[in-house]
Engineer: 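For reference, the structure I am asking about is given below.
Side-chain atoms are counted along with the backbone in the values below, which use heavy atoms only and exclude waters and symmetry mates. Since the model is a prediction, treat every value here as computed from it, not as a measurement.
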Amino acid sequence: HASQEAVFINSQGRCLLANPEGARMFGYPNADALKGIFGTDVIAEESHEIVRERMLNDVQGSYEVVAQRADGSTFPAQISARSMTFRGEPVRCTVVRDISAPKDAERERHELQQQLHQARKMEALGRLAGGVAHDFNNILCAIMGNASIALTDLSHTDPMRELVLEIDKAARQAAG
């Protein structure tokens with residue numbers, strides 16, 4: 001009764017006993033309300049097959065399922081089941097743990113890792129763009145410097161002067 005996990009004692013797939021946490025976890029008014037229900041009644045349809053298989057084959061150990069509350073809402077759960085004798089009868093003791101919090105934390109960690117990966121890609125792209133801009137600026141400085149030197153050597157009447165002025169103007173616009 002003191003367990004923080006749902007504990008069920010089942011015989012032939014039906015609940016004989018449940019603890020108060022089982023009632024709370026699955027949304028039943030009390031533990032007696034769980035008596036007589038089939039084990040799959042608290043399991044979402046998508047997990048019925050794995051539960052049936054493990055019950056029929058008397059598989060011991062833990063596995064994950066999607067559990068279902070009385071109101072139809074679902075949550076991820078870990079089931080640990082073991083066969084044993086209870087009051088002289090063979091039964092299956094099943095412990096159910098709600099693993100919503102660890103699953104949520106895992107999902108959040110994955111999302112944060114994705115965001116970090118994206119931020120690192122953006123940082124690398126920013127460094128690359130900065131390097132390209134720096135190299136481009138160096139080329140423009142060379143073009144503007146050579147245009148400036150050419151302009152000092154050309155007379156105001158030289159037909160090449162207009163072309164060199166256009167080169168200098170284009171380089172300055174690109175630098176801007």
Engineer: Quick one: which of Glu5, Glu64, Gln4 gives a side-chain contact (heavy atoms from CB on, under 4.5 Å) with Arg97?
Structural biologist: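 That would be Glu5; it is the only one of Glu5, Glu64, Gln4 passing the side-chain contact (heavy atoms from CB on, under 4.5 Å) with Arg97.
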
Engineer: One thing to verify: whether Glu123 and Arg120 come together as a salt bridge, which I'm taking to mean a side-chain N less than 4.0 angstrom from a carboxylate O.
Structural biologist: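 Looking at Arg120 and Glu123, the cut-off is not met.
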
Engineer: Are Ile37 and Met55 co-members of a hydrophobic cluster defined by side-chain heavy atoms under 4.5 Å apart?
Structural biologist: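 Yes, same cluster.
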
Engineer: Report, as yes or no, whether the 6.0 Å neighbourhood of atom CD on Gln12 holds more than 12 heavy atoms from other residues, nucleotides or ligands.
Structural biologist: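 Not more than 12 within 6.0 Å, no.
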
Engineer: Going by heavy atoms in the side chains, are Tyr63 and Gln78 under 4.5 Å from each other?
Structural biologist: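 A side-chain contact under 4.5 Å is absent here.
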
Engineer: Got more than 12 heavy atoms from elsewhere within 6.0 Å of CD, Glu108?
Structural biologist: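 Counting other residues, nucleotides and ligands, CD of Glu108 stays at 12 neighbours or fewer.
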
Engineer: Do Arg107 and Glu111 meet the salt-bridge criterion of a basic N to acidic O distance under 4.0 Å?
Structural biologist: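 Salt bridge flag = no for Arg107 with Glu111.
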
Engineer: Is atom CE of Met122 surrounded by more than 12 heavy atoms (other residues, nucleotides or ligands) closer than 6.0 Å?
Structural biologist: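 No - once you tally the heavy atoms of other residues, nucleotides and ligands closer than 6.0 Å, there are 12 at most.
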
Engineer: For side chain to side chain donor-acceptor pair (under 3.5 Å), just list the numbers for Asp168 and Ser148, CA-CA rounded to whole Å, side-chain angles, deciding distance to a tenth of an Å, and then say yes or no.
Structural biologist: CA-CA 7 Å; Asp168 185 61; Ser148 180; over 6 Å; no

Engineer: Could you check if a side-chain atom of Gln60 sits within less than 4.5 angstrom of a side-chain atom of Ser83, using non-hydrogen atoms only?
Structural biologist: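 Sidechains of Ser83 and Gln60: in contact.
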
Engineer: Think Arg14 forms a cation-pi with Phe38, using NZ or CZ under 6.0 Å from the six-ring centre and within 45 degrees of its axis?
Structural biologist: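 Judged by the rule (NZ or CZ under 6.0 Å from the ring centre, within 45° of its axis), Arg14 counts as positioned above Phe38.
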
Engineer: Walk me through it: do Lys35 and Asp32 pass the test salt bridge (charged side-chain N to carboxylate O under 4.0 Å, His left out)?
Structural biologist: CA-CA 5 Å; Lys35 286 183 182 177; Asp32 287 338; 3.3 Å; yes

